> 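Below is a structure I'd like to ask you about.
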Amino acid sequence: MEVVNDQAAMLSNYEVYSLLKEIESKGKKKKSRAQQNLATITYETLNYLKNTPCTLQNPEMVSEFMEALGPYNLTKAEKLQLLNHRPSSAVEIQLIIEESEERLTEEQIDELLQLVADKLPDPNAPEGGGEGEEGGEGGTERMEEEEE
Amino acid sequence: MFTLVEMTDTVRIPPHLFHIKLNDAVIEELNNKFANKVVYNVGLCIALFDITKLEDSFIFPGDGASHTRVHFRYVVFRPFMDEILQGRIRSCSREGVHVSLGFFDDILIPPDALQQPSKFDESEQVWVWEYETEEGTHDLFMDINEEIRFRVVDEVFVDTTPTGPKVSEAAESDKEAKKSPYSLVGTISEPGLGLLSWWNSVG
């Protein structure tokens, strides 16, 4: 076995999520003892990704979002993290973007937050309002679902 | 978090699988071989993404199975340095806080990478962040099953291929066998990192 290229591409959570859902639906036809590893990792990873914002995304949203991020001079890794995490506060933006205070003005940080809120759906807000407060409620809702 | 890795390998299809289309048999074999396994210096393999090239199949004398060289791409979990991840606290010990992502468990946040000042509460076996405000010190507990946001600082690959029988010192080789092939070191010593509940109530 040889590794030709160990960084051929970076994948967003959304792409991995849709791939795993496809595998899961195909795999329901035949379950052999040997497929146990694939079943385990698919199940666990899907469980993890279900609790992230990527479940509500689709390819058009993602490409629109990437285009809109063009003027901000962000690295690929930073854009990918913005897509995967969907930050809702300035603190999170500072974590994701290195030296954000030097590279972006406060206005630009606010614009970024607004862009994220507009282009990417918020998993915590079914009605689409109030991101900061609903963070806590969304968290409890998820924990209750998992306990079931 | 996830990357695409291009690999090549020779896949052995045993004769009892010859009735399946070669493509499907190869996909099944590759998933069996790599899924949920760690490849040294590459990462944790999740699932096959696609097959880019199937070369000619050969049958060798003495073995009825066909051998096919395959070029394929695999989805691999390997967070890059300084990436922000979100997980759950699995347990706390003197070595630090153990975090799990569900599909990947070997993430450790060592004590010096916790928000300072932190102390280990022996009676409850949890780490506590002593957050100081003007009113006094708040003790913020890092309880189990709490969601935590952390930054990846380091990754450690250990080659766990078997080395053959050891004549002496059998006890030492047992201890070494428990090392995980791929583990991550994280930090939460920055504003915004740590338990989500610490930062959500502010906004």
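Letters A, B, ... are given to chains in the order of the sequence lines, protein chains preceding strands, and every chain is numbered from 1. Note that the coordinates shown come from a computational prediction; the quantities given were computed from them, not determined experimentally. Just so it is clear, the values below take in all heavy atoms, side chains as well, and ignore hydrogens, waters and symmetry mates.
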> If you count the non-hydrogen atoms of other residues, nucleotides and ligands that lie under 6.0 Å from CD in A/Glu106, is the total more than 12?
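Check fails, neighbour count at 12 or below.
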> Are there residues of residues 5-14 of chain B whose heavy atoms fall under 4.5 Å of chain A's heavy atoms? If so, which?
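So the qualifying residues are B/Val5, B/Glu6, B/Met7, B/Thr8, B/Asp9.
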> Mark yes when over 12 heavy atoms from residues, nucleotides or ligands other than B/Lys37 sit less than 6.0 Å from its NZ; otherwise mark no.
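Yes.
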> Would you mind checking which part of B/Phe80 comes under 4.5 Å of any heavy atom in chain A, side chain (CB onward), backbone (N, CA, C, O), both or neither?
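The side chain, not the backbone.
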> To the nearest 0.5 Å, tell me how far B/Lys33 NZ sits from A/Met1 CE.
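CE of A/Met1 is found 6.0 Å from NZ of B/Lys33.
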> Hey, what do you get for NZ (A/Lys26) to CD1 (B/Ile27), rounding to the nearest 0.5 Å?
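It comes to 6.5 Å.
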> With side-chain contact (heavy atoms from CB on, under 4.5 Å) as the test, would you mind laying out the steps for A/Ile23 and B/Leu48 before giving the verdict?
CA-CA 9 Å; A/Ile23 292 179; B/Leu48 181 73; over 6 Å; no
> Any side-chain heavy atom of B/Ile84 within less than 4.5 Å of one from A/Asn84?
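No, every pair of side-chain atoms sits at 4.5 Å or beyond.
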> Sub-4.5 Å heavy-atom contacts with chain A: which residues of residues 67-79 of chain B show up?
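Residues B/Arg69, B/Val75, B/Arg78 are the ones that qualify, each having a heavy atom under 4.5 Å from chain A.
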> Would you say A/Tyr43 has more than 12 foreign heavy atoms packed within less than 6.0 Å of its OH?
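No.
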> If you count heavy-atom pairs within less than 4.5 Å of chain A, which of B/Val42, B/Leu101, B/Asn41 leads?
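Counting heavy-atom pairs under 4.5 Å, the top option is B/Leu101.
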> For residues A/Tyr48 and B/Gln86, report the shortest heavy-atom separation together with the two atoms involved.
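Closest approach of A/Tyr48 to B/Gln86, heavy atoms only: OH-O, 2.8 Å.
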> Output side-chain donor-acceptor pairs under 3.5 Å for residues 63-71 of chain A, partner residues at least two apart or in another chain, one line each.
{"unit_1": "A/Ser63", "atom_1": "OG", "unit_2": "A/Pro59", "atom_2": "O", "d": "3.2"}
{"unit_1": "A/Ser63", "atom_1": "OG", "unit_2": "A/Glu60", "atom_2": "O", "d": "3.1"}
{"unit_1": "A/Glu64", "atom_1": "OE1", "unit_2": "A/Lys119", "atom_2": "NZ", "d": "3.2"}

> What part of A/Glu2 lies closer than 4.5 angstrom to a heavy atom of chain B: side chain, backbone, both or neither?
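Backbone plus side chain of A/Glu2, per the 4.5 Å heavy-atom cut-off to chain B.
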> Quick check: closest heavy atoms across B/Arg151 and A/Leu95, and the distance to 0.1 Å?
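So the minimum-distance heavy-atom pair works out to NH2-O, 3.0 Å.
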> About how many Å separate CG of B/Asn32 and CD of A/Gln36, when rounded to the nearest 0.5 Å?
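Answer for the CD-CG pair, A/Gln36 versus B/Asn32, is 10.5 Å.
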> Please state whether the side chain, the backbone, both or neither of A/Leu46 comes within less than 4.5 Å of a heavy atom of chain B.
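Neither part.
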> Counting heavy atoms not belonging to B/Tyr131, are there more than 12 under 6.0 Å from its OH?
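Open.
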> Can you tell me if CG on A/Asn73 sees more than 12 non-hydrogen neighbours from other groups inside 6.0 Å?
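Not buried by this count: 12 neighbours or fewer within 6.0 Å.
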> Which heavy atom of A/Leu38 sits nearest to which heavy atom of B/Ala35, and what is that distance?
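Scanning both residues, the minimum pair turns out to be CA-CB, 3.7 Å.
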> Check whether A/Thr40 gets within reach of chain B through its side chain, its backbone, both or neither, counting any heavy atom under 4.5 Å.
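Only the side chain of A/Thr40 comes within 4.5 Å of chain B.
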> Specify which of B/Phe2, B/Phe49, B/Phe104 makes the most heavy-atom pairs with chain A at under 4.5 Å.
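Most heavy-atom pairs under 4.5 Å with chain A: B/Phe2.
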> Under the side-chain hydrogen bond (donor to acceptor under 3.5 Å, both in side chains) rule, collect the residues that match up with A/Gln57, sequence neighbours excluded.
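Listed in chain order: nothing, the list is empty.
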> Identify the heavy atoms of B/Asp82 and A/Gln81 that sit nearest to each other, and give their distance.
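That would be O-NE2, 4.3 Å.
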> Please walk me through it: do A/Glu44 and B/Asn36 pass side-chain contact (heavy atoms from CB on, under 4.5 Å)?
CA-CA 10 Å; A/Glu44 294 284 359; B/Asn36 208 13; over 6 Å; no
> More than 12 heavy atoms of other residues, nucleotides or ligands under 6.0 Å from CD of B/Glu130: is that the case?
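More than 12 within 6.0 Å, yes.
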> Which bit of B/Phe34 is near chain A, if near means a heavy-atom gap under 4.5 Å: side chain, backbone, both or neither?
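Only the side chain of B/Phe34 comes within 4.5 Å of chain A.
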> Just give me the residue among A/Leu19, A/Val91, A/Val16 that pairs up with chain B most often, heavy atom to heavy atom, under 4.5 Å.
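Ranked by contacts with chain B, first place is A/Val16.
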> Is chain A contacted by the side chain of B/Leu44, its backbone, both, or neither, given a heavy-atom distance below 4.5 Å?
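The answer is the side chain of B/Leu44.
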